[in-house]
Amino acid sequence: MNFPFYIAKRYLLSKKSHHAINIISGVSVCGVAIATAALVCILSVFNGFQDMIAGLFTSFDPELKVMPAEGKFIPADATELEQLRKSDNIGCYTETLEENALLFVNNRQAMVTIKGVDDNFEELTDINSILIGDGVFELKADVIDYGVLGCNILMQLGLPTDFSTPIQVYAPRKGEKINLTDPLESLNQEELYSPKVCFSVKQNKYDSNYVITNIGFARRLFERQGYVSSVELKLKDGVNIDSEKKKIQDALGPKYVVLDRYQQQEDTFKIMQIEKLVSYIFLTFILVIACFNIIGSLSMLIIDKKDDAVTLRNLGANDSQIRSIFMIEGRMICVLGAIIGIVLGLSLCIAQQEFGLIRFGQSEGSYIVNAYPVSVHATDILLIFVTVIVVGFLSVWYPVRRLSRKVVKN
């Protein structure tokens with residue numbers, strides 16, 4: 001066994017001549033452990049929120065979305081898209097057309113985004129899991145066009161899910177200016193009926209803005225026959241999303257942009273990542289403060305073991321070995337605190353996952369989830385461990401080196 005490590009281990013575990021040194025050493029380990037556990041818990045909670053939000057968007061957003069790099073629309077029969085449609089890795093290929101429109105019913109109005117989709121939209125997403133009402137997801141029946149509205153749009157219009165009065169939908173005619181004397185003459189008008197359901201993604205971006213209908217309705221309303229605003233894809237089981245996304249992007253070229261679910265909600269997830277980073281930085285500062293306890297503990301240990309240092313020198317130990325003893329002692333405290341903190345943090349996360357110890361409120365159903373969501377990522381645990389070790393080692397290096405040098409000289 002390495003000589004400085006052996007002596008440092010004995011100093012860490014043995015009783016000191018002054019009982020206060022043992023207490024301070026214990027406090028140092030606890031301080032590092034608590035700061036480490038806090039890092040584990042806080043970062044895991046941010047992961048939990050991110051995974052929860054991603055799960056909400058899964059019911060509406062496709063796995064991959066192909067959009068034009070410039071402009072708003074692309075020909076549905078473009079050669080690149082026809083080749084993509086024939087790909088063996090694509091499980092569901094859905095054409096969509098999105099544009100803004102005005103809803104009007106019962107003297108109430110709302111500006112919305114009309115999203116026209118193919119009949120296979122139910123295969124593309126898990127839309128049925130977010131439907132509310134007694135009907136079914138249906139977009140067209142004979143000559144009747146149905147519209148599935150976001151729940152907040154229904155509230156804005158003062159309508160139930162099974163409204164009987166058709167909603168009037170208006171959109172500007174292509175290439176025409178609005179006639180101020182008779183605005184309706186400059187607008188295309190269509191009607192949407194209720195399939196007796198609405199959807200609730202529990203995200204205002206969708207619930208207050210989107211109306212899902214068939215793509216034929218959208219093309220008539222916006223005069224975009226033969227065009228799409230995007231192509232939404234679902235891959236076959238077992239196909240890697242990242243590799244397939246790169247493959248599709250390379251095949252389509254620079255005229256198209258291929259987005260995965262996180263990129264489709266880039267603003268939302270970027271904000272969450274920034275919040276997570278800021279929390280990590282602040283908690284790292286707290287960890288630095290906790291490491292000052294280690295400096296105090298080692299300072300008292302160096303003074304307490306001054307006579308031992310003289311004895312070790314007389315027995316043949318050189319100055320570098322004596323300094324290494326106290327340096328290793330400080331590092332052992334950091335490593336021990338990091339391990340205890342990670343185990344404690346993981347235990348609290350598991351308890352939160354299983355029992356929901358910290359809740360949002362007393363009443364069930366008041367929030368999307370009743371307790372704080374937690375998701376532990378191995379990369380975060382590794383980052384935390386490395387952070388604790390680096391901060392701990394750097395915080396003790398200069399003070400211990402300086403103090404031990406004075407003891408060795410004396």
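Hydrogens, waters and symmetry mates play no part in the numbers below; they use all other heavy atoms, side chains included.
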Could you check whether [Y] and [X], counting side-chain N and O atoms only, form a donor-acceptor pair closer than 3.5 Å?
{"X": "S194", "Y": "D162", "result": "no"}
{"X": "Q50", "Y": "Q273", "result": "yes"}
{"X": "T113", "Y": "N100", "result": "yes"}
{"X": "Y193", "Y": "E191", "result": "yes"}
{"X": "Y262", "Y": "D61", "result": "no"}
{"X": "T96", "Y": "S230", "result": "yes"}
{"X": "N47", "Y": "S44", "result": "no"}

With a 3.5 Å distance limit and no angle check, can you tell me whether [X] reaches the backbone of [Y] through a side-chain donor-acceptor pair?
{"X": "D207", "Y": "N152", "result": "no"}
{"X": "S59", "Y": "L56", "result": "yes"}
{"X": "Q352", "Y": "A371", "result": "no"}
{"X": "E223", "Y": "K174", "result": "yes"}
{"X": "E63", "Y": "L235", "result": "yes"}
{"X": "N240", "Y": "D242", "result": "yes"}
{"X": "E232", "Y": "Y93", "result": "no"}

Trace of the salt bridge (charged side-chain N to carboxylate O under 4.0 Å, His left out) decision for E95 with R85: CA-CA 10 Å; E95 296 178 349; R85 190 195 296 268; 3.0 Å; yes
[Y] and [X], any side-chain heavy atoms less than 4.5 Å apart:
{"X": "V239", "Y": "I90", "answer": "no"}
{"X": "F199", "Y": "F137", "answer": "no"}
{"X": "I132", "Y": "V197", "answer": "no"}
{"X": "V388", "Y": "F385", "answer": "no"}
{"X": "I53", "Y": "Q203", "answer": "yes"}
{"X": "L103", "Y": "L157", "answer": "yes"}
{"X": "N209", "Y": "I153", "answer": "no"}
{"X": "F49", "Y": "M272", "answer": "yes"}

side-chain contact (heavy atoms from CB on, under 4.5 Å) evaluation trace for T94 with L233: CA-CA 6 Å; T94 301; L233 307 173; over 6 Å; no
Do other residues, nucleotides or ligands put more than 12 heavy atoms under 6.0 Å from the [atom1] atom of [X]?
{"X": "F269", "atom1": "CZ", "answer": "yes"}
{"X": "K247", "atom1": "NZ", "answer": "no"}
{"X": "K236", "atom1": "NZ", "answer": "yes"}
{"X": "L383", "atom1": "CG", "answer": "yes"}
{"X": "F73", "atom1": "CZ", "answer": "yes"}
{"X": "F282", "atom1": "CZ", "answer": "no"}
{"X": "E82", "atom1": "CD", "answer": "yes"}
{"X": "D250", "atom1": "CG", "answer": "yes"}

Looking at [X] and [Y], what are the two nearest heavy atoms and their distance?
{"X": "G147", "Y": "P195", "result": "O-CD, 3.3 Å"}
{"X": "S375", "Y": "D51", "result": "OG-OD2, 2.7 Å"}
{"X": "A218", "Y": "G116", "result": "CB-CA, 3.9 Å"}
{"X": "E123", "Y": "C92", "result": "CB-SG, 4.0 Å"}
{"X": "Y280", "Y": "T284", "result": "O-OG1, 2.7 Å"}
{"X": "E98", "Y": "S229", "result": "N-OG, 2.9 Å"}

Separation of [Y] [atom2] from [X] [atom1] (nearest 0.5 Å):
{"X": "R331", "Y": "L336", "atom1": "CZ", "atom2": "CG", "value": "16.0 Å"}
{"X": "L344", "Y": "I34", "atom1": "CG", "atom2": "CD1", "value": "8.0 Å"}
{"X": "L192", "Y": "N214", "atom1": "CG", "atom2": "CG", "value": "8.5 Å"}
{"X": "C198", "Y": "I130", "atom1": "SG", "atom2": "CD1", "value": "9.5 Å"}
{"X": "Y227", "Y": "I74", "atom1": "OH", "atom2": "CD1", "value": "10.5 Å"}
{"X": "Q249", "Y": "L259", "atom1": "CD", "atom2": "CG", "value": "8.5 Å"}

Note: R220-D145 ion pair, threshold 4.0 Å (strictly below): yes
E80/K255 salt bridge by N-O under 4.0 Å criterion: yes
Trace of the side-chain contact (heavy atoms from CB on, under 4.5 Å) decision for L154 with T161: CA-CA 7 Å; L154 283 179; T161 55; 3.9 Å; yes
Steps toward salt bridge (charged side-chain N to carboxylate O under 4.0 Å, His left out) verdict (K72, E99): CA-CA 9 Å; K72 298 176 65 175; E99 189 59 281; 2.8 Å; yes
Residues F121, I127; criterion side-chain contact (heavy atoms from CB on, under 4.5 Å); working and verdict: CA-CA 8 Å; F121 188 71; I127 188 68; 4.3 Å; yes
Residue that, paired with D260, satisfies salt bridge (charged side-chain N to carboxylate O under 4.0 Å, His left out) out of K246, K65, K245: K245
Pairwise salt bridge (Lys or Arg N to Asp or Glu O under 4.0 Å) hits with a residue in residues 378-394, at least two apart: K276-D380
Intermediate values then yes/no, side-chain contact (heavy atoms from CB on, under 4.5 Å), T213 and K115: CA-CA 6 Å; T213 186; K115 179 170 183 172; over 6 Å; no
Name of the residue among I271, L277, V278 meeting side-chain contact (heavy atoms from CB on, under 4.5 Å) with E275: I271
S200 vs Y206, side-chain hydrogen bond (donor to acceptor under 3.5 Å, both in side chains): CA-CA, chis, key distance, verdict: CA-CA 8 Å; S200 176; Y206 291 139; over 6 Å; no
Centroid separation F60 to Y210 less than 6.0 Å: yes
